[in-house]
Amino acid sequence: MAFDKNLYKEEYPFASNYYVQPSGFMQHYLDEGNGTPFVMVHGNPSWSFLYRDMVKAFRDKYRCIVPDHIGCGLSDKPRKGQYPFTLKERIDDLERLLDERLNLTQPINLALHDWGGAIGMGYAVRHPEKINKIVVLNTAAFGLPSDSPFPAAIWTFRHTKIGELLNYYFNAFSFIASHTCSIKGMSKKIRYGFRAPYDCVAHRTATSEFVLDIPLKEGDRSWRELKKLEAGLTLLQDKPMIICFGRRDFCFNRYFFNEWKRRFPKSKRYTFNAGHYTLEDAGPEIFNLVDDFLK
C-alpha cells in the first residue's frame, strides 16, 4: 500500500519540519508548543508517530521536539551504502539537530524508547550540562544484560537471510511489531500509522540496518560507541529520572528494567501491564506520572 498521510493524519495532526543533515539527507521532526524543550527519541521500527499522544498531552506546557531518524518516518530513506546507519551517526544527527539547527540553549527533558535510549543517552553523556530530566520507557543505553536471552524474533532478522528478505519484501519487522507490541491491540488505522513510512522495499533499509547495528560483542560495528556510552552514564546519575516500563515486552524485558534500576538507583520507577509500545497500552497513566515528574 502506498504511503497515504491522510489515513492517519487525524491521529498525527502536526506540522512537519525538516533539516538537511551533512550527509545530504533530510531529517523530519516535530516542533510543537513552547517552553522547556521536551525531546522525544524513538527507536525501531517506529517513528515520531509513537509519541503522537505524548505531544498532544504536553505541547501546552513544553516545546515538544520529536525527530524521525534518517530512514524512518517522514525523513529521507537512503539505501545501504548511502548512509552509515550506525549508533554514532544517529547520535551525531541528534546532536546537530538540537545544537545547530534548533540552537537549544536551556536544559532539555528527554523521553526515550527502544533504540532511542542509546541515541538519546548518547547525546546526554556528550552534554550532561544540557540535560534537565529523563523519561525512560522500554529501552536500553547499555549492552544486553548478561541474564537476558536475545529475543528469537530479532535474532532471525539479524542472523538469517530469510529474516532480511521477509523485512525487505513484506515489511515484516514493522508489520509484526504493529500486531504484537501492544497487548491491548491497536486499531487498523493506528497499525497502519506505525507501518506507513515503510511502504516499499526501498523504504525498509533502516528497519533492517537498526537490527544489524545492535552491538552484541566486540567487533560489532557499534560496539565501541556503546561501550563509550555505557562508561559515560555515570555523568547522568544525579539527573532526575523516571522509568516507566511495560512488563510484557518480549524484547526490553525485566532484565533491562533491573539494569536501569542498578545503574540509576535514585530514579523513580513504575511498571505497567503493557507491551513494547508502552504508550499504546498505558499512555494516560504514564502521562500523569510524567506530568508530576516534570513539574
Side-chain angles (χ1 to χ4, degrees), residues 41-47 49-50 68-73 77 80 84-90 112-122 136-183 186 191 194-195 197-198 201 203-223 225-227 229-230 245-260 274-281:
V41 191
H42 74 82
N44 185 43
S46 63
W47 56 293
F49 187 79
L50 174 85
D68 286 332
H69 304 305
I70 298 295
C72 303
K77 297 179 177 63
K80 194 165 186 173
F85 295 102
T86 60
L87 175 59
K88 180 182 184 303
E89 190 71 13
R90 301 297 190 185
L112 312 169
H113 181 262
D114 192 270
W115 259 94
I119 298 166
M121 292 296 265
V136 171
L137 303 171
N138 286 55
T139 186
F142 38 78
L144 183 73
S146 58
D147 48 359
S148 176
F150 190 64
I154 298 178
W155 187 94
T156 300
F157 284 108
R158 179 181 169 88
H159 293 289
T160 69
K161 190 66 176 177
I162 192 166
E164 179 184 6
L165 294 175
L166 284 171
N167 189 55
Y168 272 109
Y169 289 102
F170 298 99
N171 200 20
F173 200 72
S174 182
F175 181 86
I176 292 170
S178 73
H179 283 274
T180 63
C181 288
S182 164
I183 63 168
M186 297 183 284
R191 291 199 305 272
F194 274 104
R195 299 196 305 263
Y198 313 113
V201 172
H203 291 171
R204 295 168 189 158
T205 304
T207 57
S208 284
E209 289 296 315
F210 261 120
V211 176
L212 296 177
D213 195 48
I214 298 171
L216 294 176
K217 63 183 185 305
E218 189 171 358
D220 287 346
R221 66 191 188 191
S222 285
W223 178 260
E225 190 68 25
L226 181 68
K227 293 292 111 177
L229 165 58
E230 285 186 2
F245 242 67
R247 293 189 296 271
R248 295 174 64 180
D249 187 340
F250 75 98
C251 180
F252 294 95
N253 50 36
R254 68 181 184 276
Y255 302 107
F256 287 89
F257 178 71
N258 291 336
E259 186 67 11
W260 280 107
H276 179 61
Y277 286 165
T278 331
L279 298 179
E280 298 301 316
D281 291 332

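Keep in mind it's a predicted model, so treat the numbers as computed, not measured. Just the heavy atoms: all of them, side chains too, but no hydrogens, waters or symmetry mates, feed the values below.
- At least one donor-acceptor pair closer than 3.5 Å links the side chain of Ser222 to the backbone N or O of Leu87.
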side-chain contact (heavy atoms from CB on, under 4.5 Å) between Val41 and His69: does it pass, once the steps are laid out? CA-CA 9 Å; Val41 191; His69 304 305; 3.6 Å; yes

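- Listed for the Thr86 side chain is a donor-acceptor partner under 3.5 Å among the backbone atoms of Glu89.
- At a threshold of 4.5 Å between non-hydrogen side-chain atoms, the residues Ser148 and Phe256 count as touching.
- Closest approach of His42 to Asp68, counting heavy atoms only: NE2-CA, 3.5 Å.
- Nearest heavy-atom pair across Asn44 and Asp114 is N-OD1, 2.9 Å.
- Annotation: the span from Leu50 atom CG to Leu137 atom CG amounts to 7.5 Å, rounded to 0.5 Å.
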Does the side-chain contact (heavy atoms from CB on, under 4.5 Å) test come out yes or no for Glu280 and Cys181, once each step is laid out? CA-CA 9 Å; Glu280 298 301 316; Cys181 288; over 6 Å; no

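- Residue-environment remark: OH (Tyr169) stays at or below the threshold of 12 foreign heavy atoms within 6.0 Å.
- Under a 3.5 Å cut-off, the side chain of Glu164 and the backbone N or O of Ser208 do not form any donor-acceptor pair.
- The side-chain heavy atoms of Leu144 and Phe150, taken from C-beta on, include a pair separated by under 4.5 Å.
- Judged by a 6.0 Å distance limit and a 45° cone about the ring axis, Arg247 is not positioned over the six-membered ring of Phe257.
- The residue from Trp115, Phe245, Phe252 that alone fulfils the ring-ring contact (aromatic ring centres under 6.0 Å, His included) condition with His276 is Phe252.
- Rounding to the nearest 0.5 Å places CD1 of Ile214 at 5.5 Å from CD1 of Ile154.
- Residues Pro197 and Gly73 share a closest heavy-atom pair of CB-O, 3.3 Å.
- Close placement of the Phe194 and Tyr277 rings is indicated, their centers lying within 6.0 Å of each other.
- Annotation: the span from Arg204 atom CZ to Leu166 atom CG amounts to 11.0 Å, rounded to 0.5 Å.
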Determine, step by step, whether Trp155 and Thr160 satisfy the side-chain contact (heavy atoms from CB on, under 4.5 Å) criterion, reporting the C-alpha distance in whole Å, the side-chain angles of both residues, the deciding distance to 0.1 Å, and the verdict. CA-CA 8 Å; Trp155 187 94; Thr160 69; 3.6 Å; yes

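- Between Ser46 and Cys72, the shortest heavy-atom contact is O-CB, 4.2 Å.
- When all heavy atoms of His113 and Asn138 are compared, the closest pair comes out as CD2-O, 3.6 Å.
- Of the possible polar contacts, none joining the Arg195 side chain to the Ser174 backbone as a donor-acceptor pair under 3.5 Å is found.
- Side-chain atoms of Ser182 and Asp281 form a donor-acceptor pair, as typed in the model, at a separation below 3.5 Å.
- Side chains of Ile70 and Arg90 form a contact here, defined as non-hydrogen atoms less than 4.5 Å apart.
- Closest approach of Ser178 to Met186, counting heavy atoms only: O-CE, 2.9 Å.
- One finds the CG atom of Asn253 at 9.0 Å from the CG atom of Asn258 (value rounded to the nearest 0.5 Å).
- A 4.5 Å side-chain heavy-atom check between Arg221 and Leu212 finds at least one atom pair inside the cut-off.
- To the nearest 0.5 Å, atom CD1 of residue Ile119 and atom CD of residue Glu225 are 11.0 Å apart.
- Taking the six-membered ring for Trp and thresholds of 30 and 60 degrees, Phe175 and His179 have ring planes inclined between 30 and 60 degrees apart.
- Residues Thr205 and Lys77 are not in side-chain contact: their nearest non-hydrogen atoms beyond the backbone lie 4.5 Å or more apart.
- The only member of Phe157, Phe210, Tyr168, Tyr198 that meets ring-ring contact (aromatic ring centres under 6.0 Å, His included) when paired with Phe173 is Phe157.
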